[in-house]
There are 2 protein chains.
Amino acid sequence: MNEQEFLSSYDKRAFDAPLVTVDAVLFTYHEGQLKVLLVKRSAHPEMGKWALPGGFVSETEDRSLEDTVVRKLREKTGVIPPYVEQLYTFGGRDRDKRGWSVTVCYTALIAHQVCESHIESVADARWIPFDRVGKLELAFDHEEIIRFAHERLVQKALYSIVPAYALPEKFTLPELQHVHEVIIGKPLQKKSFRRRIEQAELLVDTGEKRSETGRPATLYRMRDDSGSHTFVRNLEL
Amino acid sequence: MNEQEFLSSYDKRAFDAPLVTVDAVLFTYHEGQLKVLLVKRSAHPEMGKWALPGGFVSETEDRSLEDTVVRKLREKTGVIPPYVEQLYTFGGRDRDKRGWSVTVCYTALIAHQVCESHIESVADARWIPFDRVGKLELAFDHEEIIRFAHERLVQKALYSIVPAYALPEKFTLPELQHVHEVIIGKPLQKKSFRRRIEQAELLVDTGEKRSETGRPATLYRMRDDSGSHTFVRNLEL
DNA sequence: GGTCAAAGTGTCAAATAGCCACTAATCGTA
DNA sequence: TACGATTAGTGGCTATTTGACACTTTGACC
């Protein structure tokens, strides 16, 4: 086979390939509410609307999609969120005026305090209470993406303790239970909740207590097998 | 704002955008085995290796990623599989020699018989027993993708009756149980299995029976709310 | 009619989950 | 220092779900 034949046997890309972006639905828990990080778009299309943090893959900076989402999240928050999981990939001809586009979406969780100051310094980024998302006009199909991320998060709150990543390093069980309740949208049974936590064996007692009013609560921390960053691929508890 | 300003405020795509492909892991059940549809690559790169059915998005033919995966599957099987669900999106700099690439992957299930003749007519497509996937040298990261799809399918077999889509329209519960057992790789308790099926209320008794040896078994069919094609987005049972 | 083989059921024990009342620890105040 | 208010955490009962396995049913074939 000569070079000419070799090249013509090559599987070529479509001429006008779709746009590829990566977007993240970053949740946190603050002031008793579930909040989502949104960014005000400074460019067309959809300039001025609120959108998910994200952007184009950088062929030079990124080796993988995870690199891209982490890079984008660090730009806005100053840190790498401890929990990042791929959510779903939305793609189609009509979701972006510029033409066929694909966005690989991630769900991420972070403690509010660890990125509070950095976010304040980024003029266009804001924590928006999840309840208020429906009242904003979001760019593209980002509202649908947020709803989808929330549905998944509800499943996590029911069957896992993943929502703990939305809290600071040390937290109490009543705090964690409240995060779950806010996510699910209804109260949970204290005893059942604690049983689940125990059986999962993912939290460790720090020995410390925190008291506000009433009996002081035990402070727990996530058991860190592995490093401090969790990339999750599947949905089992 | 004049047109010049407008255009420069536009959020432009990266010059050399990643390749975007869609791939499908299509499972079926035949001769007591779980099988995966593979296609022999006829073009470089990876020419001659076995690969997942899939290909580039067509900006003219496809309105969505689902259109793309369905189009590709119909090319190979002659029909639209009754169950198609997005699996995961793999992307990175090094998974394809041609450069940065992204593949949006789907899991699909189909009855063997409905596409048997068409697949035989497509020279390059073959059903490969899942057990033998490890012994083949697959193109790109397709082996990893198949393993990932299988892990998810195991979860489905444990908590849902999705594997029924790998059987013909009418099937018996012992048959379905065997499909589940083959997927999971270990035997299931007959009573527990039947209880789960009943509670799901997704199967209907056709009134017919099928007998081979021993007591004849009741034939069931999936309850078809909606049309005949299932696109699933989330992972709840 | 008896026997074989596989389908399908009855039933009991074990594990799990929901519920709610009770006890425990701390603070403020009389 | 005792007592009430308040929130953390536990005991223990009941209801539901799951696993296990023996038993019954049905039809085929001799």
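Every chain is numbered from 1 and lettered A, B, ... according to where its sequence line falls, protein lines coming before strand lines.
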### Message
Distance alone, cut at 3.5 Å: any donor-acceptor contact between the side chains of B:Tyr29 and B:Glu175?
### Response
no
### Message
Rounded to whole Å, how long is the line connecting atom CG of B:Leu158 with atom P of D:dT18?
### Response
13 Å
#### Entry: Minimum-distance pair of heavy atoms, taken over all atoms of A:Ile110 and A:Thr28
O-OG1, 2.6 Å
### Whole angstrom value for the distance that separates P of D:dA20 from CD of B:Gln177
13 Å
### Summary
Span of DNA chain C engaged by chain B, first through last nucleotide within the 4.0 Å heavy-atom cut-off, is C:dA5 to C:dT11
#### Entry: Separation of atom NE2 in A:His178 from atom P in D:dT7, rounded to whole Å
12 Å
### Task
Could you say whether A:Arg195 or B:Glu175 is positioned toward the 5' end of DNA chain C, judged by the nucleotide with the nearest heavy atom to each?
B:Glu175
### Query
Are a donor atom and an acceptor atom from the side chains of B:Gln155 and B:Glu151 found within less than 3.5 Å of each other?
no
### Task
Using atom CG of B:Leu173 as one end and atom P of D:dT26 as the other, report the distance to the nearest whole Å.
17 Å
### Task
Send over the distance from B:Ile197 CD1 to D:dT18 P, rounded to a whole Å.
13 Å
### Task
Classify the side-chain pair B:Thr218/B:Asp205 by whether it contains a donor and acceptor separated by less than 3.5 Å.
no
### Query
Are the side chains of A:Val102 and A:Phe90 in touch, meaning some heavy atoms are under 4.5 Å apart?
no
### Query
Does B:Gln189 place a side-chain N or O at less than 4.0 Å from the phosphate oxygens OP1/OP2 of D:dA20?
yes
### Task
Mind listing the residues from residues 204-219 of chain B sitting with a heavy atom below 4.0 Å of DNA chain C? Number order is fine.
B:Thr213, B:Gly214, B:Arg215, B:Pro216, B:Ala217, B:Thr218
### Atom-to-atom span, NZ of B:Lys190 to P of D:dT24 - whole angstrom
14 Å
### Query
If we only count heavy atoms from C-beta on, is the A:Ile128 to A:Lys35 side-chain gap below 4.5 Å?
no
### Sugar-phosphate only, base, or nothing, as touched by A:Arg196 at under 4.0 Å among non-hydrogen atoms
nothing
### Query
Between the side chains of A:Thr172 and A:Arg210, is a donor N or O closer than 3.5 angstrom to an acceptor N or O?
no
### Task
Would you kindly say whether A:Arg221 and A:Thr206 are connected by a side-chain donor-acceptor distance under 3.5 Å?
no
### Summary
B:Leu188 CG to D:dC21 C1', in whole Å, measures 16 Å
### Message
For A:His112 and A:Trp127, take the angle between the two ring planes, folded into 0 to 90°, and tell me which bin it lands in: parallel under 30, tilted 30 to 60, perpendicular over 60.
### Response
tilted
### Query
Could you give the NZ-to-P distance, from A:Lys191 to D:dA15, as a whole number of Å?
18 Å
